Amino acid sequence: MDENNTQIMISTYKYKNLYFAVGVSKAGKIVWIALPQENEKDAIADILKLYHPDQNIQFEVSNKYTDIAKKVCRVYNGEDVKFHLDSLDLNVDKSKRSSIKTQFERDVLLEVAKIPYGEVRTYKQIAEELGTKGYRAVGTAVGKNPFPIVIPCHRVVKSDLRIGEYRGGSEMKNEILKNEGIKINGDKITKK
DNA sequence: TGCCCGCCGGGTG
DNA sequence: CACCCGGCGGGCA
């Protein structure tokens, strides 16, 4: 592949049979973070899903951003690693290849980004912060989070404190929360 | 427009 | 507890 045509750089990091992957733009911004996968191919495929098949995206896998993938891994495993929001491509662009399609999705993600380590908020709380009753719409937007783990959508739970859904499965959500020290009994958060 | 959603709360047994 | 259902609003074909 011609390096000069590379539009996106993908780096992966393996830990305990799980592959973490990040996609980074030419501009050096993270455009997508994969949920951990059992093999590297799936992790890379998760990044490329962002792009339409007919976009013929140029990408290259290298170790250039392995440190970022490693940081994601560390957060997954319960470390309170800080990420700068400016390392993420938070642009809203419906037409172009952009991780975030609408202003509403962006607003939701920025609200979720405020949830402190080791705490949870409900979908309803996020909606109310944004001044809407579209609780389900918040769930939908959270579900499209291009930066899982870094923007902690796993910390958003149902109003009755049940865990709720997750792209990677509720078991994975459960595990990340557990790694953060959040107490869970069955499918419910046990403390406020 | 119509339909799908990582939701919510009130209802019933 | 278990379903069940109407309401809500954002996004997309």
Side-chain angles (χ1 to χ4, degrees), chain A residues 18 20-23 30-38 42-43 45-55 57 72 75-78 83 85 88-192:
Chain A
L18 284 181
F20 296 81
V22 296
I30 301 172
V31 294
W32 197 267
I33 294 174
L35 256 11
Q37 305 287 330
E38 290 183 3
D42 288 344
D46 192 274
I47 307 278
L48 296 176
K49 244 178 7 190
L50 170 62
Y51 303 98
H52 286 284
D54 59 344
Q55 276 182 312
I57 181 72
V72 173
V75 178
Y76 180 89
N77 286 288
F83 266 87
L85 280 186
L88 308 176
D89 182 358
L90 292 166
N91 286 329
V92 176
D93 194 330
K94 190 173 201 139
S95 55
K96 269 178 36 180
R97 55 168 79 108
S98 168
S99 305
I100 303 176
K101 303 292 185 211
T102 70
Q103 188 62 42
F104 180 77
E105 288 172 11
R106 186 177 194 273
D107 292 343
V108 169
L109 293 176
L110 292 180
E111 207 58 42
V112 172
K114 295 181 188 170
I115 308 173
Y117 176 89
E119 295 186 24
V120 297
R121 298 287 184 273
T122 68
Y123 295 99
K124 182 181 181 179
Q125 283 176 322
I126 301 294
E128 286 174 342
E129 289 296 323
L130 299 176
T132 173
K133 290 182 196 164
Y135 316 131
R136 301 191 68 163
V138 168
T140 305
V142 167
K144 296 180 189 170
N145 180 12
F147 316 107
I149 301 171
V150 169
I151 291 187
C153 58
H154 57 279
R155 295 182 192 142
V156 190
V157 301
K158 296 188 171 223
S159 280
D160 60 4
L161 296 186
R162 279 182 299 163
I163 299 282
E165 300 300 319
Y166 196 65
R167 269 221 309 285
S170 54
E171 315 76 25
M172 184 181 286
K173 188 171 182 176
N174 190 304
E175 184 182 351
I176 305 171
L177 291 173
K178 192 184 62 184
N179 291 344
E180 285 192 12
I182 291 173
K183 300 291 179 235
I184 301 166
N185 184 4
D187 63 348
K188 263 191 169 180
I189 308 291
T190 52
K191 58 162 196 180
K192 187 67 170 85

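Because the structure is predicted, anything quoted here is derived from the model rather than measured. Just so it is clear: chains get the letters A, B, ... in the order the sequence lines come, proteins before strands, and each one is counted from 1.
Counting heavy atoms from C-beta on, the side chains of A/I184 and A/T190 never come closer than 4.5 Å. A heavy-atom distance below 4.5 Å is not found between the side chains of A/H154 and A/P148. Looking at heavy atoms from C-beta onward, A/P36 lies in side-chain contact with A/I149 at the 4.5 angstrom threshold. Residues A/Y166 and A/E171 are not in side-chain contact: their nearest non-hydrogen atoms beyond the backbone lie 4.5 Å or more apart.
Residues satisfying the salt bridge (Lys or Arg N to Asp or Glu O under 4.0 Å) criterion with A/R162, sequence neighbours excluded, are A/D160. The ring pair (Phe, Tyr, Trp, His ring centres under 6.0 Å) check on A/F147 picks up nothing, with sequence neighbours excluded.
Each of A/I33, A/V112, A/V150, A/I151 was scored for a side-chain contact (heavy atoms from CB on, under 4.5 Å) with A/N145, with one residue passing: A/I151.
Sparse packing is recorded around CD of A/E38, with 12 or fewer heavy atoms of other residues, nucleotides or ligands lying under 6.0 Å away.
For the pair A/K178 and A/E175, the salt-bridge criterion is not met [side-chain N within less than 4.0 Å of a carboxylate O]. The residues A/E129 and A/K114 are annotated as not salt-bridged, no charged nitrogen and carboxylate oxygen being separated by less than 4.0 angstrom. Salt bridge A/E105/A/K144: present, at least one basic N to carboxylate O contact under 4.0 Å.
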Starting from the C-alpha separation in whole Å, work towards a yes-or-no answer on side-chain contact (heavy atoms from CB on, under 4.5 Å) for A/I115 and A/I126.
CA-CA 10 Å; A/I115 308 173; A/I126 301 294; 4.3 Å; yes
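A/R162 has its CZ atom 11 Å from the C1' atom of C/dA2, to the nearest Å.
Looking at the side chain of A/K101, the nearest of the listed nucleotides C/dG9, C/dC12, C/dG10 is C/dC12.
Remark: DNA chain C takes part in the stems B:1-5 with C:9-13, B:7-13 with C:1-7, each of 3 or more antiparallel Watson-Crick or G-U pairs, criterion distances under 3.5 Å.
You can see that DNA chain B meets the heavy atoms of chain A within a 4.0 Å-exclusive cut from B/dC5 to B/dG9, reading 5' to 3'.
Residues A/D93 and A/N91 bring no donor and acceptor atom of their side chains to less than 3.5 Å of each other.
Contacts with DNA chain C (heavy atom under 4.0 Å) in residues 135-147 of chain A: A/R136, A/A137, A/K144, listed by number. Within a heavy-atom distance below 4.0 Å of DNA chain B, no residue of residues 174-185 of chain A is found.
Among the heavy atoms of the strands lying under 4.0 Å from A/Y166 is at least one base atom, whether or not backbone atoms are also near.
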